[in-house]
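To keep things clear, I will list the structure first and then write my remarks on it.
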Amino acid sequence: MQLSEQELLRRENLQKLRDMGIEPYPAEAFEVTAYAKKIQEEFQEEAGEPLNFQQASLAGRLMGSRVMGKASFAELQDSTGRIQLYIARDEICPGEDKELYNTVFKKLLDIGDFIGVKGFVFRTRMGEITLHVKELTVLSKALHPLPVVKRDEEGNVYDAFTDPEQRYRQRYVDLTVNPHVKEIFFKRSKLISAMRRFFDDRGWLEVETPALQPIHGGAAARPFKTFHNTLEMPLYLRIANELYLKRLIVGGFEGVYEIGKMFRNEGMDRTHNPEFTSMEIYVAYKDYNWMMAMVEQLTEYIALEVTGHTKVEYEGKMIDFAGPYRRLSMYDAIKEYTGVDISEMDETALRATCKKMDITVDDSMGKGKLIDEIFGEKVEEHLIQPTYIIDYPVEMTPLAKKHRSQPGLVERFELFVNGKEIANAYSELNDPIDQRQRLMDQLRLADRGDFEAMAMDEDFLRSLEYGMPPTSGLGIGIDRLTMLLTNQHSIQEVLFFPQMRPEKAELPEQDKKEG
RNA sequence: GAGCCCGUAGCUCAGCCGGCUAGAGCACUUGACUUUUAAUCAAGGGGUCCUGGGUUCGAGUCCCAGCGGGCUCACCA
């Protein structure tokens with residue numbers, strides 16, 4: 001590999017440090033007693049005299065320096081933020097030997113190097129809270145130059161590191177240089193911990209179920225296929241965990257939930273990544289009406305914990321997560337936004353209606369699919385504030401219980417926010433005979449070439465035959481909820497390492513066979 | 001999968017209708033400077049113009065193909 005001039009220089013600096021007896025990658029721990037953000041927030045003084053942080057020890061990256069002869073200012077960035085350093089030659093080199101300042105600090109340290117500093121906090125003439133450095137330690141030398149992003153007093157950013165490809169491929173650089181990116185991931189973490197707290201407080205059990213499954217069930221999607229050598233059998237990366245969580249309800253848990261990765265072998269775009277995080281929860285003796293009330297509390301709680309408000313701005317719109325949310329049946333929603341009542345229509349009439357609405361249809365589409373098309377084309381985009389769409393056609397939903405009063409429908413709801421589906425829930429189907437029938441219907445779809453049709457799962461059916469209590473289940477896409485609460489428009493922005501093509505198209509030989 | 005756009009220094013980008021040795025700012029190097037803050041001042045180094053073909057006296061620029069990326073649309077619980 002060809003090294004750039006700057007990379008060669010840094011390697012030379014590394015060697016010079018070693019030649020001076022300074023280990024650029026020391027083994028011993030460095031004691032950190034203070035953090036940039038805390039100092040910025042809590043530093044106090046009286047009559048110009050500093051009161052606290054008079055013995056502070058910080059560690060982080062050197063992010064810039066302004067050398068003025070025998071004294072310098074530098075920027076230290078730790079895990080919490082930045083603080084200015086004041087480094088005076090005669091302070092860090094009290095004796096005759098000025099090498100640490102003249103050579104190590106001024107010549108051999110580069111932007112991006114990790115250093116440890118000890119000293120006291122004061123305020124400069126210009127009013128900046130600054131650490132007056134008494135001791136400086138090299139903690140780790142950086143050999144690769146970091147992009148230098150500068151900000152002026154008004155907050156204007158110069159030479160921003162913004163190329164999406166480079167940001168995702170080298171997320172470590174993105175995180176180092178773009179502080180707002182870190183903020184998104186702090187919020188993502190808060191979201192998940194708030195959700196977990198909400199469920200744990202109600203006594204529901206967090207569980208783990210297999211990610212490697214012999215039968216991929218629980219959703220309509222194409223799976224990733226792999227092979228277990230010892231068992232000599234194909235396995236699938238899970239597209240859903242629904243059928244396993246229901247087995248646990250059969251086994252006697254009253255409430256179980258799992259937050260984990262799902263894998264779908266489908267297209268990628270700004271709302272789809274091949275692996276994504278979902279939360280699914282199942283609670284016994286409940287129905288979908290109870291679940292709607294629960295989700296309102298949950299999303300309101302999460303919005304508050306993550307952003308501090310129930311109102312969140314997304315793409316310039318204010319979205320209010322405070323419940324209760326509007327509930328609208330699928331038929332009523334279509335009537336409201338198209339003026340057409342489709343509740344009594346058969347397949348032929350629906351197909352004609354679609355044509356009138358300029359919706360492209362094909363012959364493979366059944367009644368359920370046609371209704372879904374109308375809904376997707378004409379209604380979804382209008383559902384900006386959190387809205388429950390309830391009662392879906394039975395054809396689209398093989399795992400939901402038939403509606404208690406309306407034939408042809410199932411007890412299902414989806415929560416829409418800003419025109420996008422955020423949550424999906426049912427009164428779960430627990431009639432084993434009905435369930436078998438519905439899965440048989442799916443098999444017939446698969447025979448007709450539907451790659452996404454659900455597979456038969458005899459063990460799951462056996463579990464239902466042992467008896468599953470009435471149960472309500474819910475799934476929430478964590479990535480998309482994170483996008484909403486962080487005002488981000490692509491899923492790549494809420495994943496540390498979104499899926500990308502390899503940088504140099506060099507796939508290992510043995511992996512090329514068997515697609 | 002389709003359309004549009006992009007790929008030039010470590011980073012952000014300019015480079016016209018094809019025309020001298022390919023440019024700027026930051027970063028980097030050398031020097032000056034003990035309270036600066038996009039520090040400043042002076043001097044300097046740094047390029048596989050994504051790759052491969054083609055047209056041409058001459059290609060960063062035009063054409064073709066490929067690779068990579070972005071946006072939009074389509075597909076997709």
Side-chain angles (χ1 to χ4, degrees), chain A residues 2-10 12-13 63-75 82-91 101 106-107 110-112 122-130 132 142-170 173 177 218-222 239-240 242 262 264-272 274 276 278 360 368-369 372 375-376 380 392 396-400 412 414 416 420-426 451-452 454 475 477 480 489-490 492 500-505:
Chain A
Q2 194 73 35
L3 293 178
S4 71
E5 181 193 26
Q6 291 189 43
E7 288 172 302
L8 287 169
L9 271 163
R10 285 173 178 235
E12 279 170 28
N13 289 346
M63 293 303 282
S65 62
R66 298 176 286 279
V67 177
M68 285 160 303
K70 299 179 188 67
S72 301
F73 290 93
E75 299 290 326
R82 285 197 186 190
I83 187 163
Q84 178 169 268
L85 306 178
Y86 175 73
I87 302 173
R89 188 193 68 185
D90 297 336
E91 299 271 350
Y101 182 79
K106 276 170 68 175
K107 303 241 166 104
D110 295 297
I111 287 176
F122 75 113
R123 193 183 290 273
T124 65
R125 238 180 251 164
M126 304 300 286
E128 176 112 5
I129 295 169
T130 300
H132 188 125
L143 297 182
H144 213 106
L146 220 45
V148 178
V149 180
K150 297 205 166 192
R151 291 171 185 80
D152 67 14
E153 275 176 11
E154 280 101 51
N156 298 316
V157 178
Y158 300 83
D159 297 331
F161 181 68
T162 52
D163 177 9
E165 178 182 5
Q166 292 202 64
R167 288 184 46 234
Y168 304 150
R169 285 199 195 282
Q170 302 185 52
V173 174
V177 143
R222 298 182 71 173
I239 56 172
E242 173 159 358
M262 303 298 151
R264 297 189 183 178
N265 206 342
E266 295 173 342
M268 294 160 54
D269 59 28
R270 70 172 200 292
T271 54
H272 295 81
F276 62 98
S278 95
T360 39
K369 185 71 187 159
D372 194 42
F375 181 78
E380 264 187 31
Y392 286 64
M396 302 162 52
T397 317
L399 301 171
R412 171 187 184 183
E414 290 187 307
F416 285 85
K420 306 263 163 43
E421 176 209 332
I422 289 301
N424 180 24
Y426 319 141
F451 289 110
E452 299 184 339
M454 266 180 224
R480 293 189 187 170
H489 315 283
S490 84
Q492 286 81 10
M500 313 227 12
R501 283 200 169 76
E503 252 178 291
K504 290 165 201 155

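Naming convention: chains lettered A, B, ... in sequence-line order (proteins, then strands); numbering from 1 in each chain. Below, each value reflects all heavy atoms present in this structure, side chains not excepted, and no hydrogens, waters or symmetry copies.
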Please classify the nucleic acid contact of [X] as base, sugar-phosphate, or nothing, using heavy-atom distances under 4.0 Å.
{"X": "A:E414", "value": "nothing"}
{"X": "A:N156", "value": "nothing"}
{"X": "A:R66", "value": "base"}
{"X": "A:A160", "value": "sugar-phosphate"}
{"X": "A:Y426", "value": "base"}
{"X": "A:F122", "value": "base"}
{"X": "A:D372", "value": "nothing"}
{"X": "A:R222", "value": "nothing"}
{"X": "A:V67", "value": "base"}

Tell me if a side-chain donor or acceptor on [X] pairs with a main-chain N or O of [Y] at a distance below 3.5 Å.
{"X": "A:R222", "Y": "A:E266", "value": "no"}
{"X": "A:Y101", "Y": "A:A71", "value": "yes"}
{"X": "A:R82", "Y": "A:E75", "value": "no"}

Using atom [atom1] of [X] as one end and atom [atom2] of [N] as the other, report the distance to the nearest whole Å.
{"X": "A:R169", "N": "B:C11", "atom1": "CZ", "atom2": "P", "result": "14 Å"}
{"X": "A:R167", "N": "B:C71", "atom1": "CZ", "atom2": "C1'", "result": "15 Å"}
{"X": "A:E128", "N": "B:A38", "atom1": "CD", "atom2": "C1'", "result": "13 Å"}
{"X": "A:E91", "N": "B:U35", "atom1": "CD", "atom2": "C1'", "result": "12 Å"}
{"X": "A:M68", "N": "B:A32", "atom1": "CE", "atom2": "P", "result": "15 Å"}
{"X": "A:Q492", "N": "B:C71", "atom1": "CD", "atom2": "P", "result": "7 Å"}
{"X": "A:E12", "N": "B:U30", "atom1": "CD", "atom2": "C1'", "result": "14 Å"}
{"X": "A:F73", "N": "B:A39", "atom1": "CZ", "atom2": "P", "result": "12 Å"}

Which one is paired to [N], where only Watson-Crick or G-U wobble pairs with both distances under 3.5 angstrom count?
{"N": "B:C41", "result": "B:G31"}
{"N": "B:A65", "result": "B:U51"}
{"N": "B:C26", "result": "B:G10"}
{"N": "B:G3", "result": "B:C71"}

Taking only the [atom1] atom of each, what is the distance from [N] to [M] in whole angstrom?
{"N": "B:G69", "M": "B:A59", "atom1": "C1'", "answer": "24 Å"}
{"N": "B:G60", "M": "B:G70", "atom1": "P", "answer": "28 Å"}
{"N": "B:G23", "M": "B:C67", "atom1": "P", "answer": "34 Å"}
{"N": "B:C26", "M": "B:A22", "atom1": "P", "answer": "22 Å"}
{"N": "B:C13", "M": "B:C76", "atom1": "C1'", "answer": "38 Å"}
{"N": "B:G68", "M": "B:G52", "atom1": "C1'", "answer": "15 Å"}
{"N": "B:G46", "M": "B:C5", "atom1": "P", "answer": "36 Å"}
{"N": "B:C11", "M": "B:A27", "atom1": "P", "answer": "15 Å"}

What I'd like to find out is whether the side chain of A:R480 reaches to under 4.5 Å of the side chain of A:H272, using heavy atoms alone.
yes

Within-4.5 Å side-chain heavy-atom neighbours: A:Y426 and A:E242:
yes

Tell me if the side-chain of A:Y86 makes a donor-acceptor pair with the base of B:U36, cut-off 3.5 Å, by modelled atom types.
no

Is a donor-acceptor contact shorter than 3.5 angstrom present between the side chain of A:D163 and the base of B:C11?
no

Just checking, is any N or O donor in the side chain of A:E91 or A:Y86 under 3.5 Å from an acceptor N or O on the other one?
no

Check against salt bridge (charged side-chain N to carboxylate O under 4.0 Å, His left out), A:K420 and A:E380
CA-CA 7 Å; A:K420 306 263 163 43; A:E380 264 187 31; over 6 Å; no

Could you give all pairs that pass the salt bridge (Lys or Arg N to Asp or Glu O under 4.0 Å) test and reach residues 153-167 of chain A, with sequence neighbours left out?
A:E165-A:R169, A:R167-A:D174, A:R167-A:E493

Short side-chain N/O contact to B:C76 OP1/OP2 from A:R264, under 4.0 Å:
no

Looking at A:R89, does any N or O in its side chain come under 4.0 Å of the phosphate oxygens OP1/OP2 on B:U34?
no

Please give me the minimum heavy-atom distance between A:A142 and A:R10, naming the atom from each residue.
O-NH1, 3.2 Å

Pull out every protein N or O sitting under 3.5 Å from an N or O of nucleotides 23-29 of chain B, one pair per line with the distance.
unit_1, atom_1, unit_2, atom_2, d
B:G25, N2, A:D159, OD1, 2.8
B:G25, N2, A:D159, OD2, 3.1
B:C26, O3', A:K150, NZ, 3.3
B:A27, OP1, A:K150, NZ, 2.9
B:A27, N3, A:Q6, NE2, 3.1

Where each residue is assigned the nucleotide of RNA chain B containing its nearest heavy atom, which of A:G267 and A:M500 is assigned the position nearer the 5′ end?
A:M500

